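These figures come from a predicted structure and were not determined experimentally. Convention: sequence-line order gives letters A, B, ...; per-chain numbering from 1.
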Amino acid sequence: MASKFQRKPSPGGTVGMGGGPSSVSSTPSNQPRKRVKRCCRNFVTFMCTQVGVGALIVIYAICGAFAFMHIERQFVDETAGHVMELRQNCSQQLWSITEQHNIIDRRRWTEATNDVLREYQSQIAGVVKHGYVGRSPEQIWSFPAALMFCLSVITMIGYGNMVPRTPWGKGFTVIYATFGIPLYILYFLNMGRVLARSFKFLYRSLHDCTQEHPRLDRMDALEGGVGMTRKKVIVPSTACLWVIFFYVLTGTVMFANWEKWSLLNSFYFCMTSLCKIGFGDFVPGASLTTSADVNAATQKLQEDISADPAELAQLQSVAADQHSKLAINFVYMLLGMGLVAMCRNLMREEVRLKAREMREDAKLCMEDTRLRFVGCCGNPRDAYEDDYY
Amino acid sequence: MSGRRAQSLPAHMLEPAKPQRGRCVAAICFSWKVLTCIVSHVLLVLLVVSYCVGGAYLFQHLERPHELEVKRDIQNLRVNLTENIWLLSDDAVVLRESDWMANVSKHLANFEKQILTAIKADGWDGDEDLRKSQWTFAGSLFYSIIVITTIGYGHISPRTDWGKVTTIFYAIVGIPLMLICLSNIGDVMATSFRFLYWRICCYVCTRTAKRPRNARSRQRSMRSQRHARSQPPPSFRRSMKMTQRSGNDSGLGPSMGHAYSDPDLRTMGRGYDDREFGHRSSGGGRNRRQQQQQHLHHDPRQRHTIYGDGYETQTLNRSNRYSSRQRQRDRMRDRHTVERERYSRSHLDAGSIEDFGDMQPPAKRAASVRSVRSPHNQESSKASRELHRLHSAPGRSRAKSVDPRHVSSHYEDVDEDVVRKTPIIPNRYALDDFGGNRRQAAPRSQSMPRSAHQRQRQKDRERERSPQPPPQSSYRQQHDRRAGSLGRQSSRYGNHLELPDYDAPPPGRDHRRDRRGHSQGRYEDYVEESFDEGSLYGDNNYEDYPPERHHSRSREPKRNRRRERAERLPPSPRIMSPMGFPVQRQIRRRPSYDYDDDDSMYGDEYGDYGDLLPKDRPVPIWLCVFLVVSYILGGAVLFAYWENWSFLDSAYFCFITLTTIGFGDFVPAKGVKDESEQSIAYCSLYLLFGIALLAMSFNLVQEEFIANVKEVARRLGILKDDDDEQDED
């Protein structure tokens with residue numbers, strides 16, 4: 001705010017200085033050149049700010065994805081071997097129980113088996129809590145998944161479905177977030193401002209089309225009335241909410257079709273992502289509970305040997321789909337954040353206006369109270385007023 | 001001597017009536033401040049806390065039955081597995097170890113996947129005990145906190161449909177509420193931190209400079225003894241001090257006399273004569289007498305504005321800022337005195353422009369940027385600084401009028417104003433050698449509208465005096481109404497346009513009242529109002545047309561602004577639209593005050609101790625960054641101790657938490673079961689204070705950062721003033 005005030009008077013002073021006849025004579029000759037120069041400067045500014053920031057975010061995310069793939073694939077996952085060892089131990093114990101007890105004595109066998117399985121279950125649960133997912137790091141950190149991870153870091157969503165496990169990965173995440181989050185905030189503000197202007201322009205156009213008055217009548221109404229000016233300037237918050245709602249609804253239908261979630265789960269995912277909460281229970285593309293993976297696992301269990309070629313073809317098609325899906329998800333998230341910023345800007349204007357009106361009303365009320373109070377005990381004031389007037 | 005005593009008598013007569021009224025109104029202001037503080041801060045925090053607690057009960061009620069059901073399902077899974085293995089053993093005729101173990105491994109692998117799905121999809125916590133649950137009150141409260149702060153660990157999340165729907169609406173309402181609360185607390189913390197920083201900084205400056213001040217303090221003590229000998233009333237003593245100070249200034253040398261014969265000061269002096277001492281005016285007043293009249297005249301207007309404007313509603317943030325700034329200003333007054341003596345001594349030694357440049361260089365720029373600049377840039381920056389100071393002068397008076405002050409601070413304020421005005425003189429003297437300043441000063445002295453305005457004011461005053469006073473009660477009512485209208489001219493002026501539905505009062509009285517308030521307001525905010533009108537017109541033009549035509553229309557606002565300044569007519573209805581008028585005025589008032597305070601702070605600080613602290617600024621960026629980093633590392637140490645993580649993991653957790661990313665791979669309640677409630681409490685407190693600390697840091701740093709970035713961009717040639725103006729629009 002202070003910088004804004006510092007800069008504001010100087011062009012006024014410059015204009016005052018330039019009020020002489022020399023600038024009047026030189027104005028028409030320089031005007032086209034200055035106009036062209038200003039257009040070029042504005043174009044370069046636009047390219048550097050909006051398009052440049054967006055491209056910078058995309059490049060930053062892609063580079064981060066490659067870096068994380070390189071770092072995290074070096075992680076040696078010992079938990080898979082640990083799980084296999086646990087499984088062998090459990091089988092061995094079960095066999096010894098079967099040998100030890102006769103087949104006839106079912107009750108004691110059942111109790112012993114229950115104890116062994118409960119222990120096995122708690123061990124598996126502990127391993128899962130420490131990060132076991134059931135897949136190798138190379139399967140986990142594919143490029144689309146890494147890209148989604150980078151996006152969740154930059155936008156501060158933080159799904160948590162996949163996290164860095166190595167010390168280098170954690171350190172790099174901290175540095176990556178330190179530089180990525182300000183970049184995202186810059187994109188957020190810029191995109192919000194641009195979209196707010198566009199939406200305001202669109203809304204004003206629609207509003208002008210809706211009202212069928214000629215231009216002269218509109219000018220008269222603008223000079224005479226107050227509500228006209230207010231309606232033109234401020235976009236109501238209901239319009240912003242409708243835009244957000246339609247965007248979320250589109251995302252809901254899209255994710256429900258692709259990821260085979262229910263509509264409520266898709267809506268839940270969209271809302272938690274756009275609000276930057278990001279629980280991570282539903283993540284597109286890289287989720288454990290993807291129905292494609294579940295179906296593939298089920299088919300692998302049912303058909304051992306004969307289904308290998310079909311399985312491979314399905315996995316390839318699933319991988320190809322995931323690439324395109326995640327690209328569209330990436331764009332969806334970035335545009336969604338921009339829309340949220342736009343609505344924040346527009347609603348902030350309206351809230352500011354209403355707060356100002358409320359403040360003026362409160363000021364009037366306080367003034368009235370003060371006048372009554374002074375009217376009750378105004379003896380010292382009379383002396384002062386007499387002297388002053 | 002007798003003339004001075006006679007002139008100071010009215011101020012002395014006003015002395016006893018003031019404390020009674022001031023005390024009464026001060027009580028009202030204080031109670032209003034306390035009420036505002038309670039409403040804005042404590043109530044908001046209580047609202048957030050109650051929202052979290054309500055959410056905790058709600059989520060506990062919704063999600064706990066589902067969790068118990070999941071635990072029972074896990075038991076059923078295990079029973080099914082046992083049954084399958086039994087059937088496997090029973091069906092086989094001959095038990096071979098390899099075949100049997102292969103089948104059992106297959107079943108165990110399937111069971112493993114089911115456990116994995118139960119943990120990932122259904123939210124099982126790995127414990128079959130029905131008495132233990134994730135969704136206890138503490139767990140639900142922690143969940144509510146991570147929802148409204150948008151961290152979202154995901155270690156517990158809603159699994160039922162109603163839980164998900166409730167989470168959505170809870171987040172939509174809770175996240176804005178939390179943002180409002182954080183911005184409020186961040187603002188308060190930023191103000192407190194800035195106050196503490198400047199207090200420590202001033203203490204260090206005062207302590208280091210204690211030795212060279214001894215000689216000056218000796219002279220001051222002798223002067224004070226001389227004053228104490230005569231024992232006049234306090235107002236008379238203060239006026240004597242001002243007179244001697246002005247005498248010192250005028251005695252600096254023959255070149256300083258030219259500053260007082262400046263047409264601007266002459267015009268202002270004439271205005272004061274016409275206004276206050278019309279019946280006492282003389283043809284050729286001397287410089288000293290004019291200056292004294294300025295100082296004496298300064299009292300009634302400030303006194304009136306204080307009583308008129310001081311009782312408007314204000315928030316505690318503003319009052320806190322004012323009180324801290326006022327304290328800094330009191331502390332800086334001594335520094336101003338020291339600087340003036342030092343300046344006079346240096347001027348007597350070697351009077352040249354170079355000394356003026358050294359005395360008050362721009363402290364706001366960075367040191368590296370300052371070294372790069374050329375003398376030509378210095379000249380232009382000096383001229384622009386003069387323009388800034390001239391334009392910000394009415395803004396200063398306006399900002400000061402809003403601040404409520406006590407009787408004692410009133411005289412201090414006058415003294416400070418005199419102290420602040422004095423250093424302007426050497427800059428003006430330095431700028432007299434340039435051609436730009438002379439060309440700039442000439443049109444102002446020859447301006448017809450100002451003299452026309454003064455003539456109109458004389459007519460108004462005569463018209464006020466000519467009618468006879470009405471009876472007592474109506475006379476008192478009119479005075480009250482007039483004072484009220486003068487106090488809130490801006491808001492009433494705006495409200496008059498915004499609320500046309502009110503019944504109009506009698507037209508004659510209303511017309512007279514509007515004219516009087518408007519004329520006096522115009523006199524006080526002379527330069528400010530012209531800027532308001534210009535920007536108002538530009539703003540309306542920009543709003544009327546689509547943004548594509550901004551560039552073609554960019555010249556028209558300037559032309560209109562120039563015409564407005566030249567004519568100074570009352571604004572037309574289009575410019576007086578209620579949307580633009582209050583917005584611009586209220587926005588314009590605050591930055592002028594900030595600029596004024598910053599300017600005095602910078603100039604005073606650097607001019608006094610230029611060698612000791614060349615890079616001192618309000619609150620530097622490195623201090624905020626250091627604060628945040630130390631908070632993260634401190635939290636890392638604590639969590640490493642509490643949760644038995646490694647230091648790197650703890651630091652990683654603290655960073656992920658404070659940036660609200662929240663992966664959920666490290667969550668305090670997950671590792672240690674016995675003390676989960678204590679861990680949740682510690683993490684919640686760390687979390688809330690940390691986010692408030694980040695909000696404070698953003699408040700302190702972002703203004704500085706934006707200014708630095710814009711300066712670098714302008715230096716690189718990317719931005720210009722026109723682009724900045726358009727961007728601001």
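No part of Phe269(A) comes within reach of chain B, as not one of its non-hydrogen atoms sits under 4.5 angstrom from that chain. Heavy-atom distances place both the backbone and the side chain of Ser152(A) under 4.5 Å from chain B. Residue contact with chain B, scored on non-hydrogen atoms closer than 4.5 Å, involves the backbone of Tyr159(A) exclusively. Contact annotation for Ile157(A): only backbone heavy atoms (N, CA, C, O) come within less than 4.5 Å of a heavy atom of chain B. Residue contact with chain A, scored on non-hydrogen atoms closer than 4.5 Å, is absent for Pro176(B). In this structure, the portions of Ala109(B) lying under 4.5 Å from any heavy atom of chain A include both its backbone and its side chain. Neither the backbone nor the side chain of Leu77(B) has a heavy atom closer than 4.5 Å to any heavy atom of chain A. At a 4.5 Å heavy-atom cutoff, the contact between Tyr153(B) and chain A is made by backbone atoms alone. Heavy-atom distances place both the backbone and the side chain of Thr178(A) under 4.5 Å from chain B. Looking at Thr167(B), only its side chain comes within 4.5 Å of chain A, counting heavy atoms on both sides.
Here the straight-line distance linking atom CG of Asp649(B) with atom NZ of Lys170(A) works out to 3.5 Å at 0.5 Å rounding. Put simply, CG on Leu264(A) and NZ on Lys164(B) are 6.0 Å apart, with the number rounded to the nearest 0.5 Å. A distance of 12.5 Å separates NE2 of His107(B) from SG of Cys90(A), quoted to the nearest 0.5 Å.
With contacts defined as side-chain heavy-atom distances shorter than 4.5 Å, the pair Thr173(A)/Phe655(B) does not qualify. Side-chain contact check for Phe279(A) versus Val147(B): some heavy-atom pair is nearer than 4.5 Å. Taking 4.5 Å as the limit, every side-chain heavy atom of Thr149(B) sits out of range of all side-chain heavy atoms of Ile277(A).
Scanning both residues, Met271(A) and Ile168(B), for their nearest heavy atoms gives CG-CG2, 3.9 Å. Here the closest non-hydrogen pair linking Thr659(B) and Met156(A) is O-SD, 3.3 Å. Counting all heavy atoms, side chain and backbone alike, Ile661(B) lies closest to Ala177(A) at CD1-CB, 4.1 Å. Residues Ile115(B) and Ile124(A) approach most closely at CG2-CG2, 3.9 Å, considering heavy atoms. Residues Tyr120(A) and Leu108(B) come closest through the heavy atom pair OH-O, 3.7 Å.
Put simply, of Ala102(B), Ala651(B), Gly152(B), the one with the most heavy-atom pairs under 4.5 Å next to chain A is Gly152(B).
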Next on the checklist: I'd like to know whether Tyr268(A) forms a side-chain contact (heavy atoms from CB on, under 4.5 Å) with Val165(B), so could you lay out the CA-CA distance, the side-chain angles of the two residues, the decisive distance to 0.1 Å, and finally the verdict.
Outcome noted: CA-CA 7 Å; Tyr268(A) 170 74; Val165(B) 171; over 6 Å; no

